[in-house]
Every structure is written in structure tokens, then in C-alpha cells.
Colleague: 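Sharing a structure, written as C-alpha cells. Questions coming.
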Amino acid sequence: MKSVLFVCTGNTCRSPMAAALLQHYAKEAGLKVRAASVGLAAFPGDTASEKAIEAMRELGVDLTSHRSRRFHPAMADEFDVILVMTESHKRQLLQMAPELAGRVFLLQDYSHAVQSGQEAGSREEKVYDIADPFGQSLEVYRQVRDELAEAIRAIVTAWQKEEEVQK
């Protein structure tokens with residue numbers, strides 16, 4: 001079973017949406033995954049933002065039970081891959097825990113790598129940040145949700161193919 005930790009800033013928008021989307025698409029594909037989310041500056045116990053909840057509800061995904069958690073390096077031991085939303089998140093994580101260098105990737109870069117059949121981190125990394133929708137309109141949340149969904153569907157498809165080859 002693959003396990004993924006998604007990391008953003010406050011753990012109320014991007015990372016909880018990403019974790020929920022991975023669980024949703026993996027379930028549809030019949031893959032077993034474990035997905036969780038944290039924030040580098042999260043206030044533990046905060047709910048997902050109302051607009052994140054609404055944007056996800058439109059896809060039939062429920063975020064109402066989400067409660068934010070702040071990242072701690074010990075959490076990383078539980079996960080195969082740590083996917084961050086921005087280059088800044090990656091730098092901050094690696095400052096806190098340099099030993100994670102081989103497991104921390106930008107979500108968009110990781111998605112592009114696995115989609116093209118490359119080992120994550122083996123290609124010259126390009127920066128593909130996912131903007132923070134916090135405090136913006138529902139339309140911006142939908143755009144971020146769709147950007148996350150596209151990247152995550154590509155990852156799930158690549159993992160599905162990988163699983164079929166292993167059978």
C-alpha cells in the first residue's frame with residue numbers, strides 16, 4: 001500500500017483537498033492508499049475552509065470532518081512520499097528534516113514524473129507551484145481543486161499501471 005503525506009501552509013485548503021482527492025480516485029481505481037495532510041504553519045484542530053468544503057462537495061467528496069495538523073518531522077516516517085504544494089514548502093521541510101530529501105517532491109513535479117514513467121526526482125526538476133486559494137473566491141478554490149485533481153488522477157493512473165505490470 002502506498003502512503004502519501006500532503007503538505008501545505010495552514011492545512012485547511014490545498015493539502016486536505018489533495019489527500020481527500022487521492023483517497024477518492026484511488027478507491028475508484030481499486031488501489032489501496034493511505035493519504036494524510038498537514039500544514040507547516042497549521043493551527044491544530046482548525047476545520048477545512050468553507051470554500052474548500054464546498055468545492056470538494058461538488059465532486060461528492062466530504063471534507064467536513066477534516067481537522068488541521070501541524071507538521072512534525074516524526075510524522076514523515078509513516079509515509080513513502082511527501083508531496084508539497086510549493087517550492088517554499090519543500091525548502092522549509094528540508095530545513096527542518098534534511099533526511100527527507102529523497103521523499104519530498106512538489107506535487108506537480110511528482111505527477112509529471114510518474115506520468116511520463118520517470119523516477120520522481122530523477123529528472124531536472126521544474127517548479128510547479130499550486131497557489132494558495134485561502135481567502136479567495138469559490139471560483140479560485142474550484143480552480144485549485146481541479147489542478148490538484150488533474151495531478152492526482154495522473155498519479156493514480158500511473159500507480160494503477162505499475163500495479164498491473166507487477167501482477
Side-chain angles (χ1 to χ4, degrees), residues 3-26 33-76 78-98 100-101 103-115 120-121 123-156:
S3 58
V4 180
L5 180 64
F6 291 95
V7 180
C8 69
T9 305
N11 194 219
T12 60
C13 305
R14 293 169 290 179
S15 62
M17 288 195 294
L21 286 166
L22 178 58
Q23 293 283 76
H24 178 74
Y25 293 129
V33 300
R34 177 171 172 251
S37 66
V38 295
L40 293 172
F43 291 102
D46 279 357
T47 61
S49 74
E50 287 184 31
K51 291 173 184 166
I53 291 170
E54 178 58 30
M56 295 301 285
R57 183 179 296 127
E58 293 172 359
L59 296 182
V61 178
D62 184 10
L63 268 188
T64 57
S65 64
H66 172 76
R67 296 298 175 267
S68 62
R69 299 184 310 157
R70 185 183 296 251
F71 175 79
H72 185 278
M75 294 173 169
E78 303 173 34
F79 299 92
D80 301 320
V81 178
I82 301 164
L83 299 177
V84 299
M85 301 298 143
T86 69
E87 184 65 32
S88 174
H89 294 141
K90 184 175 179 179
R91 278 193 308 273
Q92 288 176 57
L93 266 181
L94 294 176
Q95 279 182 325
M96 292 166 64
L100 299 177
R103 294 189 296 148
V104 177
F105 306 98
L106 286 159
L107 169 60
Q108 290 285 36
D109 189 61
Y110 184 86
S111 176
H112 286 98
V114 298
Q115 199 174 4
R123 66 194 196 111
E124 189 172 313
E125 192 168 318
K126 294 182 174 56
V127 177
Y128 297 104
D129 284 356
I130 295 178
D132 190 352
F134 188 77
Q136 298 187 56
S137 70
L138 180 57
E139 187 54 40
V140 172
Y141 275 81
R142 288 177 179 136
Q143 290 168 0
V144 168
R145 175 204 63 202
D146 293 347
E147 192 175 353
L148 291 167
E150 182 179 346
I152 290 166
R153 276 195 304 265
I155 292 168
V156 168

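Heavy atoms only: backbone and side chains are in, while hydrogens, waters and symmetry mates are out. Here the structure is a predicted model, which is why all the values come from computation and not from measurement. Residue numbers run from 1 in the order of the sequence given.
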Colleague: Atom CD1 in Ile82, atom CG in Leu100: separation rounded to 0.5 Å?
Modeller: 4.5 Å
Colleague: To the nearest 0.5 Å, how far apart are CG in Leu94 and NE2 in His89?
Modeller: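 It comes to 13.0 Å.
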Colleague: Can you name the closest pair of heavy atoms from Cys13 and Pro16 and give their distance?
Modeller: O-CD, 3.4 Å
Colleague: Measuring from Leu148:CG to Phe6:CZ, what's the distance to the nearest 0.5 Å?
Modeller: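 Atom-to-atom, Leu148:CG and Phe6:CZ are 8.0 Å apart.
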Colleague: Not counting sequence neighbours, which residues clear salt bridge (charged side-chain N to carboxylate O under 4.0 Å, His left out) with Arg70? List them please.
Modeller: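 Per chain and number, Arg70 pairs via salt bridge (charged side-chain N to carboxylate O under 4.0 Å, His left out) with no residue.
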Colleague: Check this for me: Glu150, atom CD, are more than 12 non-hydrogen atoms of other residues, nucleotides or ligands nearer than 6.0 Å?
Modeller: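 12 or below, so no.
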Colleague: Within the structure provided, determine whether Gln23 and Val33 are in side-chain contact (heavy-atom separation under 4.5 Å).
Modeller: yes
Colleague: Using salt bridge (charged side-chain N to carboxylate O under 4.0 Å, His left out) as the criterion, list what pairs up with Glu58, not counting sequence neighbours.
Modeller: Arg142, Arg145
Colleague: Hey, what do you get for CE (Met75) to CZ (Arg69), rounding to the nearest 0.5 Å?
Modeller: 4.5 Å
Colleague: Begin from the C-alpha positions of Leu83 and Ile155 and carry the test side-chain contact (heavy atoms from CB on, under 4.5 Å) through to its verdict.
Modeller: CA-CA 12 Å; Leu83 299 177; Ile155 292 168; 4.2 Å; yes
Colleague: So which atom in Gly10 and which in Ser68 form the shortest heavy-atom distance, rounded to 0.1 Å?
Modeller: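 Closest heavy-atom pair between Gly10 and Ser68: O-CB, 3.8 Å.
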Colleague: Do Val38 and His72 have side chains that get closer than 4.5 Å, going by heavy atoms?
Modeller: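 No; the side chains remain at least 4.5 Å from each other.
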Colleague: Just verifying a value: how many Å separate Gln115 CD and Gln108 CD, rounded to the nearest 0.5 Å?
Modeller: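 Here the rounded value is 9.5 Å.
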Colleague: Indicate the atoms forming the closest heavy-atom contact of Cys8 with Met85, along with that distance.
Modeller: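 Heavy-atom minimum between the residues: CB-CG, 3.8 Å.
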Colleague: Give the C-alpha distance, both sets of side-chain angles, the deciding distance and a yes or no for side-chain contact (heavy atoms from CB on, under 4.5 Å) between Arg34 and Glu78.
Modeller: CA-CA 10 Å; Arg34 177 171 172 251; Glu78 303 173 34; 2.8 Å; yes
Colleague: Yes or no on side-chain contact (heavy atoms from CB on, under 4.5 Å) for Leu59 and Leu21, after CA distance, side-chain angles and deciding distance?
Modeller: CA-CA 9 Å; Leu59 296 182; Leu21 286 166; 3.8 Å; yes
Colleague: Evaluate the side-chain contact (heavy atoms from CB on, under 4.5 Å) criterion for residues Val4 and Tyr110: first the C-alpha distance (whole Å), next the side-chain angles of each, then the deciding distance (0.1 Å), finally the verdict.
Modeller: CA-CA 12 Å; Val4 180; Tyr110 184 86; over 6 Å; no
Colleague: Is the shortest heavy-atom distance from the side chain of Thr9 to the side chain of Leu40 under 4.5 Å?
Modeller: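 When only atoms from C-beta onward are counted, Leu40 and Thr9 do not touch, as no gap falls below 4.5 Å.
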Colleague: Shortest non-hydrogen contact from Ile130 to Thr86?
Modeller: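 Closest pair (atom of Ile130, atom of Thr86, distance): O-CG2, 3.9 Å.
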Colleague: Which atoms form the tightest heavy-atom contact between Arg14 and Pro133, and what is the distance?
Modeller: CG-CD, 3.8 Å
Colleague: Kindly write out the residues that satisfy side chain to side chain donor-acceptor pair (under 3.5 Å) with Asp146, not counting sequence neighbours, or none if the list is empty.
Modeller: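 Not a single residue meets the side chain to side chain donor-acceptor pair (under 3.5 Å) criterion with Asp146.
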Colleague: Report yes or no: does Arg103 contribute a side-chain atom to a donor-acceptor pair with the main-chain N or O of Phe79 at less than 3.5 Å?
Modeller: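 Looks like yes, one N/O pair under 3.5 Å.
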Colleague: For Arg67, give me all partners under salt bridge (charged side-chain N to carboxylate O under 4.0 Å, His left out), at least two apart in sequence or on another chain.
Modeller: none
Colleague: Counting only N and O atoms by type, is there a donor-acceptor contact under 3.5 Å from the side chain of His66 to the main-chain atoms of Asn11?
Modeller: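 A pair under 3.5 Å: yes.
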Colleague: Within a strict 4.5 Å, meaning less than it, do heavy atoms of the Met96 and Phe71 side chains meet?
Modeller: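 The answer is yes, as the side chains (C-beta and beyond) meet within the 4.5 Å cut-off.
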Colleague: Checking salt bridge (Lys or Arg N to Asp or Glu O under 4.0 Å) for the pair Glu54/Arg57: CA distance, chi angles, key distance, verdict?
Modeller: CA-CA 5 Å; Glu54 178 58 30; Arg57 183 179 296 127; 2.8 Å; yes
Colleague: Once side chain to side chain donor-acceptor pair (under 3.5 Å) is applied, do any residues pair with Thr12, and if so which ones, sequence neighbours excluded?
Modeller: none
Colleague: Taking side-chain hydrogen bond (donor to acceptor under 3.5 Å, both in side chains) as the cut-off, I'd like each qualifying pair that reaches into residues 43-53, sequence neighbours left out, listed once.
Modeller: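 Qualifying pairs: Ser49-Tyr141.
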Colleague: How close do Ala151 and Ser111 get, heavy atom to heavy atom, and via which atoms?
Modeller: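 Where Ala151 meets Ser111 most closely, the heavy atoms are O-OG, 2.9 Å.
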Colleague: Calculate, to the nearest 0.5 Å, the distance between atoms CE and CD1 belonging to Met17 and Ile53 respectively.
Modeller: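 With rounding to 0.5 Å, CE (Met17) is 11.0 Å from CD1 (Ile53).
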Colleague: Hey, does the side chain of Ser3 reach the backbone of Asp80 with a donor-acceptor pair shorter than 3.5 angstrom?
Modeller: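 Between the backbone of Asp80 and the side chain of Ser3 there is a qualifying donor-acceptor contact (under 3.5 Å).
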